[in-house]
Amino acid sequence: MFDGVRERAAAILARYPQPRSALLPLLHLVQHVEGHVSRAGIAFCAEILEITTAEVSAVATFYTMYKREPVGRHLVSVCTNTLCAALGGDDIYAAVRERLGGIGHEQTSADGTATVEHAECLAACDLAPVLTVDYEFFDNQTVASAVEIIEALQRGEKPHPTRGAPLTDFRSVELLLAGFFDDPAVGGLEAVAGPSGAEESLRGARLAEERGWTAPPVPDEGAHP
């Protein structure tokens with residue numbers, strides 16, 4: 001299964017002075033091939049890096065971005081942390097699960113459209129409630145708008161995120177996360193094009209610039225207040 005990506009694996013290793021430092025992008029490469037990290041994928045990484053499968057497993061099971069069960073065409077992550085939950089995140093999560101067939105956390109719809117997960121934080125509190133599809137943001141969501149996104153995915157469409165790059169699919173994004181940003185297989189550099197900032201996030205910085213506000217200087221080391 002992995003013979004066709006050994007050249008890419010070698011390219012990843014070449015980026016690092018110590019081979020084992022390449023483990024994280026290698027795991028993303030495995031997910032590009034398989035849609036998750038299987039035992040075979042763990043063995044492949046161990047072979048390439050000349051480390052034990054236990055060492056690879058320790059990393060693959062620590063980070064939630066590495067999936068141990070196959071992911072659907074898309075990965076839908078709904079933030080259910082404090083602010084998003086207070087603004088409707090739990091209701092959005094419930095509606096998304098229901099529209100995908102009543103599935104639960106890290107489960108995949110019967111038609112293979114999407115795997116859903118609740119996320120503890122997607123780092124977009126100023127745009128809450130939010131969800132991501134294949135790690136691209138859909139901000140200021142409601143139950144209705146979230147369901148519309150899921151229905152579009154089920155029709156084979158790729159709704160444009162609020163910000164960030166156009167949607168592709170989970171496996172294509174995994175190739176990007178492995179570091180192959182300009183690979184034709186994922187659309188070249190256009191695949192990562194798109195504004196990532198939002199007006200709500202930048203407003204404070206712009207006000208400070210307009211009004212000449214600056215942060216106090218950092219005191220010299222050892223200086224007394």
Side-chain angles (χ1 to χ4, degrees), residues 27-28 30-39 41 57 59-177 186 191 194 196 198 200-201:
L27 286 168
H28 283 299
V30 165
Q31 290 201 140
H32 165 66
V33 174
E34 296 188 296
H36 70 300
V37 177
S38 67
R39 290 185 179 181
S57 295
V59 174
T61 56
F62 180 82
Y63 294 104
T64 59
M65 59 188 174
Y66 300 121
K67 309 304 182 185
R68 301 311 306 275
E69 297 294 333
V71 174
R73 287 189 299 278
H74 301 285
L75 174 66
V76 178
S77 310
V78 182
C79 185
T80 56
N81 209 336
T82 307
L83 186 55
C84 279
L87 294 174
D90 289 334
D91 292 337
I92 290 170
Y93 178 56
V96 166
R97 289 173 52 211
E98 181 63 27
R99 188 63 187 84
L100 288 170
I103 61 176
H105 175 61
E106 293 189 336
Q107 293 182 350
T108 302
S109 59
D111 62 3
T113 293
T115 299
V116 67
E117 64 180 3
H118 67 81
E120 283 304 313
C121 183
L122 293 176
C125 297
D126 47 349
L127 299 160
V130 300
L131 63 82
T132 62
V133 179
D134 305 327
Y135 306 117
E136 299 295 346
F137 278 92
F138 291 82
D139 304 316
N140 298 311
Q141 290 299 296
T142 65
V143 168
S145 65
V147 170
E148 286 177 4
I149 292 167
I150 300 303
E151 290 175 342
L153 296 177
Q154 290 175 319
R155 293 192 297 268
E157 300 170 8
K158 295 177 181 177
H160 202 288
T162 308
R163 52 197 165 93
L167 285 188
T168 52
D169 55 60
F170 177 72
R171 291 197 186 193
S172 296
V173 167
E174 288 301 301
L175 189 57
L176 293 172
L177 292 174
V186 291
S196 58
E200 294 88 341
S201 304

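- Here Tyr93 and His118 bring their ring centres to under 6.0 angstrom of each other.
- Checked by atom type and distance alone, the side chain of Asp90 never pairs as donor or acceptor with a backbone atom of Ala85 at under 3.5 Å.
- Side chain of Thr162 to backbone of Asp139: a donor-acceptor contact under 3.5 angstrom is found.
- To the nearest 0.5 Å, atoms OG (Ser145) and CD1 (Ile92) are separated by 6.0 Å.
- Met65 CE to Tyr135 OH: the interatomic distance, rounded to the nearest 0.5 Å, is 8.0 Å.
- Considering only heavy atoms from C-beta on, His160 comes within 4.5 Å of Pro166 through its side chain.
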Val133 vs Leu167, test: side chain to side chain contact (heavy atoms under 4.5 Å, CB included). Steps then yes/no. CA-CA 8 Å; Val133 179; Leu167 285 188; 4.0 Å; yes
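- Between the side chain of Arg99 and the backbone N or O of Ile150, no donor-acceptor pair lies under 3.5 Å.
- Contact between Val116 and Gly104 at its shortest, heavy atoms only, is CG1-O, 3.4 Å.
- In terms of modelled atom types and a separation under 3.5 Å, the side chain of His32 and the main chain of Arg171 share a donor-acceptor contact.
- Atom OG of Ser77 sits about 9.5 Å away from atom CD of Glu106, to the nearest 0.5 Å.
- Shown here is Glu200, whose CD atom has more than 12 heavy atoms of other residues, nucleotides or ligands within 6.0 Å.
- Other residues, nucleotides and ligands contribute over 12 non-hydrogen atoms within 6.0 Å of the CD atom of Glu157.
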As a quick check of understanding, evaluate side chain to side chain contact (heavy atoms under 4.5 Å, CB included) for Val59 and Leu27, giving each step before the final call. CA-CA 9 Å; Val59 174; Leu27 286 168; 4.0 Å; yes
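- For an aromatic pair to be called close, the ring centres must be under 6.0 Å apart, and Tyr66 with His28 satisfies this.
- A heavy-atom distance below 4.5 Å is not found between the side chains of Leu131 and Cys79.
- In this structure, the side chains of Leu127 and Cys125 stay at 4.5 Å or more apart for every pair of heavy atoms.
- The backbone N or O of Gly102 lies less than 3.5 Å from no partner atom in the side chain of Arg97, so there is not a single donor-acceptor pair.
- By the 4.0 Å N-to-carboxylate-O rule, Glu117 lies close enough to Lys67 to be salt-bridged with it.
- You'll find the side chain of Ile149 reaches within 4.5 Å of the side chain of Phe138, heavy atoms only.
- Around atom CZ of Arg155, more than 12 heavy atoms belonging to other residues, nucleotides or ligands sit under 6.0 Å away.
- Across all their heavy atoms, Cys84 and Ala128 have their closest contact at SG-CB, 3.6 Å.
- Atom-to-atom distance recorded for Arg73:CZ and Thr168:OG1 is 13.0 Å, nearest 0.5 angstrom.
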Given the rule in the side chain to side chain contact (heavy atoms under 4.5 Å, CB included) test, do Arg163 and Phe137 qualify, once you have shown the distances and angles that lead to the verdict? CA-CA 6 Å; Arg163 52 197 165 93; Phe137 278 92; 3.5 Å; yes
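- The OG1 atom of Thr80 sits 9.0 Å away from the NE2 atom of His105 when rounded to the nearest 0.5 Å.
- Considering every non-hydrogen atom in both Ala95 and Val147, the closest pair reads CB-CG2, 3.9 Å.
- Rounding to the nearest 0.5 angstrom, the gap separating the OG atom in Ser38 from the CD atom in Gln31 is 10.0 Å.
- Using a 4.5 Å heavy-atom cutoff, the side chains of Val76 and Thr132 are not in contact.
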Test side chain to side chain contact (heavy atoms under 4.5 Å, CB included) applied to Thr108 and Ile103, step by step: CA-CA 7 Å; Thr108 302; Ile103 61 176; 5.7 Å; no
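- A side-chain donor-acceptor contact under 3.5 Å links Arg68 to the backbone of Val37.
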